[in-house]
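We name chains A, B, ... by the order of the sequence lines, and we start the count at 1 in each one.
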Amino acid sequence: MDAFLNSLASGLIVGSLYAIMAMGLTILYGVSHVFNFAHGHVAVVAAYLVWFAAVRLGLALPVGVAAALLVMVVLALATYWGAIRGLLRRSEWGFGTLLFTLGLAILAEYALLELFGPRVKSVPAVLPGSVRLWFGRLALNDLFLITASVVLMVLVGAFLKRTLTGQAMRAVAQSLPGAQVVGIDIDRIYGATFIFAFVMTGLSGVLLGTKTYMTPHIGWEWMIKGFVIVAFGGLGSVPGAIVAAFLLGVVEALVTLYLGAIWIWPAWLVTFIVALWLRPQGILGGRST
Amino acid sequence: MRGAGRRLMPLLRPRNLVLASVGALLVAWPYLGADRFVLHVAALTFVWAVVASYWNLTNGFAGITSLGNMGFFAIGAYTSAVLAKELDLTPWATMPVGALATMALVTVLVGLPVLRLRGIYIALLTLAFADALPSVITIFRAWTGGGIGLLGIPELLEDLEKWQAYYFALAFFAVAQAALVLVVRGAPGLAFVALRDSEPFAQALGVDRFKEGLRVFAISAFFTGFAGALYAHLLGQISPAMLGIEQFLMVISMWMLGGAGTLLGPVLGAAIITFGNEYLRVAGSLRLGLLGLAIVITVLFFPGGIMQLVGRARGFLTRPRRGGSDPDTVDGAALPVGSGSETGEGR
Amino acid sequence: MSVLEVSDLAKRFGSLEALRGVSFAVEEGEVFGIAGPNGAGKSVLFACIAGFYRPSSGSIRLDGEEIVGLGPHQICHRGLVRTFQTPALFHSLSIRENVLIGARFGGAKEDRVEDILRFLDLERVAERRAVNLDLFTTKRVVLAAALATGCRVLLLDEPMAGFSFGEVERYLDLVAEIRRTCGVTILIIEHLLDVLIGVSDRMMILHHGQVLFSGPPDEVRRHQGVVDVYLGGGTGG
């Protein structure tokens with residue numbers, strides 16, 4: 001029973017991190033219809049930067065995180081204005097952006113490999129130590145992670161609902177022509193969306209980096225997990241992604257507990273196919289396009 | 001006689017003469033002093049050219065963004081290898097079985113669910129399919145050898161020589177390319193051009209996207225699976241590394257750099273990447289960086305790949321004489337990635 | 001038995017009711033004209049019949065068989081083809097190949113293609129790629145491709161929009177010829193009331209997604225509702 005509860009808790013924690021990771025992906029897709037295949041690598045790059053700042057340079061963790069997020073903003077702007085903006089003007093933009101982000105992912109992986117080597121690394125825990133609870137020990141870092149995730153989710157919700165930029169992003173997601181008619185500057189909103197997505201994704205990478213290990217290759221795994229969550233929840237739907245992330249986090253933990261880690265991927269795939277079969281629009285229904 | 005002459009004339013067009021000479025050269029190559037290493041790489045090139053060409057069939061011609069073709073390859077390779085090893089069968093029997101098994105599995109497991117979806121969902125589900133296979137291979141490690149791989153797979157002949165392997169691969173390549181031309185120029189090819197040009201009109205005229213998609217998927221799976229089986233029996237060993245990201249990227253860049261939606265592009269791409277990869281082995285992880293750079297540059301600056309450059313060069317050479325309205329060159333050169341018209345080849 | 005029988009058809013897009021309780025029947029071999037102001041639901045009606053939209057309720061019978069729920073290609077295989085108001089040909093193919101698509105995928109014999117090309121006077125341009133064609137040629141290619149499927153019911157959505165007066169005459173001759181030689185039943189949407197009255201055996205006027213008038217063409221002008229909708233001008237241009 002304790003093992004089960006432990007698994008459940010760990011599933012919920014990982015799920016909350018997946019939720020943060022998936023949010024950037026789903027909002028980027030919802031607004032711009034660009035599917036970012038470098039998504040996982042964005043997360044890994046941020047995590048490596050924080051590792052570099054904290055472990056190699058010995059800086060305080062918040063300083064490292066701030067620096068990493070600044071790099072994310074620059075990367076986001078460069079990606080959108082340098083490439084995606086032009087690709088979106090082509091008739092085959094879907095395929096073009098897919099391949100471009102794929103190429104970007106490879107370049108990121110190569111850069112990480114060259115700069116930091118192939119060895120496994122971890123971001124230092126934010127809060128070391130653990131507390132004793134009725135079903136076992138809970139690392140303080142895990143407690144921090146789940147709190148941070150929930151706070152981030154609330155902040156994202158507020159950003160999308162309350163701020164002008166957030167509202168414009170939602171307007172573009174609902175109808176691009178409609179948004180243009182009311183005078184929304186599409187380039188500005190797409191740029192903002194890329195920044196938002198890269199920062200969120202980078203944060204999720206840093207948080208995940210404290211919970212699990214990372215290598216330059218792990219970006220692919222994170223990307224695919226992110227997309228399964230997003231597809232499961234409905235591409236473009238934020239609440240859907242959150243629900244799906246928790247669900248899949250728990251599924252992953254329970255599969256690991258009862259069947260072994262090797263079954264994680266088959267389990268994810270089966271879940272995904274079943275989900276698409278039952279609800280092609282995702283569990284909470286995205287937009288119908 | 002005039003009729004016969006008219007039918008013969010297209011065969012004598014420069015493009016076909018060039019292709020015939022290249023074919024003759026490929027047949028004669030082992031006698032022209034190619035060493036064993038070159039023949040080995042060339043045999044691999046033929047296998048990868050088939051995989052890249054049929055990947056391009058789904059993505060470049062039919063507009064179905066499949067990312068799971070390395071999965072098809074692995075299913076063919078493992079099915080044939082395990083059958084030949086465990087049941088002591090000849091590869092000549094297990095290769096077709098492997099190809100058919102791939103076709104059946106892929107059509108039912110991937111084709112049926114995937115083709116009801118659109119765009120990015122297809123890409124992601126096919127990618128997830130291929131990504132789940134290493135786990136499946138590990139689960140069945142009693143037969144598949146798990147992560148270490150499968151060694152001692154029966155070869156096509158006892159003590160297979162490199163020149164023999166070369167000719168087997170060349171023959172397979174020739175058959176696969178002929179079949180591909182039939183598909184692209186035949187009903188499925190016509191259907192996909194129609195669906196891409198104007199989907200509603202095509203549907204109104206009775207084109208069934210699902211049926212044609214499934215057919216193309218099945219054909220692609222068959223030849224990709226066959227290529228995998230041939231690969232296994234040519235090398236005598238396989239491992240889940242074939243499902244790794246590097247192999248995936250290498251094959252995807254073959255048809256992309258060569259020219260998506262053309263017949264010749266993926267073959268050229270396969271030759272460049274396969275030979276480049278073998279000669280750059282010393283460069284190690286730099287190859288990964290080069291591949292990424294090549295993909296990014298191709299997408300941004302010449303989305304039609306090498307065939308676009310060829311088309312441009314040809315257009316430049318022929319324009320003063322034949323005028324700008326020649327669809328063989330001008331329109332072919334302007335094609336974006338994945339637009340899949342075969343005009344780049346010269347209709 | 002009517003070739004095409006539509007009963008109590010409704011189509012809603014959210015809160016918008018594009019069609020409400022539309023019922024009519026088309027007899028074999030007739031030309032059935034459909035008119036109505038913009039937004040009356042004419043094109044939505046065609047889209048529902050041809051399987052591009054799924055109706056919210058109601059039934060559509062082709063030769064007595066229900067076709068609601070079938071896809072466009074399946075309905076084409078049963079002998080009903082629609083055309084589009086703004087035609088998009090297969091621009092990377094030749095005109096002959098455009099027509100061939102209809103024959104090959106519509107389930108008819110491919111040897112009819114040459115006859116159809118000749119019939120629509122497209123023989124000389126058959127090898128040209130279907131780009132930058134003039135409107136009249138484009139519309140003839142559309143007709144040719146549709147006929148090549150071997151269809152028995154043809155839905156023409158404003159086929160003469162943008163035509164000159166002379167082209168309208170020639171197109172109407174073609175329609176009459178098709179009807180006479182091929183025995184095809186034709187439903188035609190047209191906003192020019194005069195043209196429609198001249199060509200139709202029976203007519204229907206749609207307004208706000210409902211049938212406002214249904215009957216012989218010579219009664220259209222005397223119908224008070226129709227006169228009101230067309231604002232007294234009556235001729236509609």
Heavy-atom closest contact (Ala123(B) atom, Leu98(A) atom, distance): CB-CD1, 4.1 Å
- prompt: Do any pairs count as a ring pair (Phe, Tyr, Trp, His ring centres under 6.0 Å) and have a residue in residues 279-300 of chain B, sequence neighbours left out, and if so which ones?
  reply: Phe37(B)-Tyr279(B)
Proximal component of Leu67(B), with respect to chain A [non-hydrogen, under 4.5 Å]: side chain
- prompt: So, for Arg90(A) and Val299(B), which heavy atoms are closest and what is the spacing to 0.1 Å?
  reply: NH1-O, 2.8 Å
query: By a 4.5 Å heavy-atom criterion (distance strictly below it), what part of Ala294(B) contacts chain A: side chain, backbone, both, or neither?
result: neither
- request: Please say whether more than 12 non-hydrogen atoms of neighbouring residues, nucleotides or ligands are located less than 6.0 Å from CH2 in Trp81(A).
  value: yes
- prompt: With only heavy atoms counted, which part of Ile252(B) is less than 4.5 Å from chain A, the side chain, the backbone, both or neither?
  reply: side chain
task: Would you name the heavy atoms of Ile245(B) and Glu109(A) that are closest together and state the gap between them?
output: CG2-OE2, 4.4 Å
query: More than 12 foreign heavy atoms under 6.0 Å from CG of Leu115(A): is that the case here?
result: yes
task: Check each atom of Leu249(B) against the heavy atoms of chain A and say whether the ones under 4.5 Å are side chain, backbone, both or neither.
output: side chain
message: Atom CZ of residue position Arg119(A) - does it have more than 12 heavy atoms of other residues, nucleotides or ligands inside 6.0 Å?
response: no
message: Please identify, among Thr65(B), Leu125(B), Ile295(B), the residue contributing the most non-hydrogen atom pairs under 4.5 Å to chain A.
response: Leu125(B)
message: Once rounded to the nearest 0.5 Å, what's the spacing between atom CZ of Phe100(A) and atom CD1 of Ile297(B)?
response: 10.5 Å
- prompt: Side chains of Ile262(A) and Arg141(B): closer than 4.5 Å at any heavy-atom pair?
  reply: no
message: Between Ile106(A), Leu113(A), Ile264(A), who has the most heavy-atom pairs with chain B when the cutoff is under 4.5 Å?
response: Ile106(A)
- prompt: For the residue pair Val296(B) and Leu107(A), what are the closest heavy atoms and their distance?
  reply: CG2-CD1, 4.0 Å
- prompt: For Phe210(B), does the CZ atom have more than 12 heavy-atom neighbours from other residues, nucleotides or ligands under 6.0 Å away?
  reply: yes
message: Is there a side-chain contact between Leu300(B) and Leu87(A) in this structure, where contact means two heavy atoms from C-beta onward sitting under 4.5 Å apart?
response: yes
Glu114(A) portion near chain B, given a 4.5 angstrom heavy-atom threshold: side chain
statement: For Arg85(A), the salt bridge (Lys or Arg N to Asp or Glu O under 4.0 Å) test, sequence neighbours excluded, returns Asp187(A)
query: Are Leu293(B) and Tyr110(A) close enough that some pair of their side-chain heavy atoms sits under 4.5 Å apart?
result: no
task: Taking all heavy atoms of Leu102(A) and all of Phe248(B), pick out the closest pair and write down the distance.
output: CD2-CE2, 4.2 Å
- prompt: Any side-chain heavy atom of Thr138(B) within less than 4.5 Å of one from Trp263(A)?
  reply: no
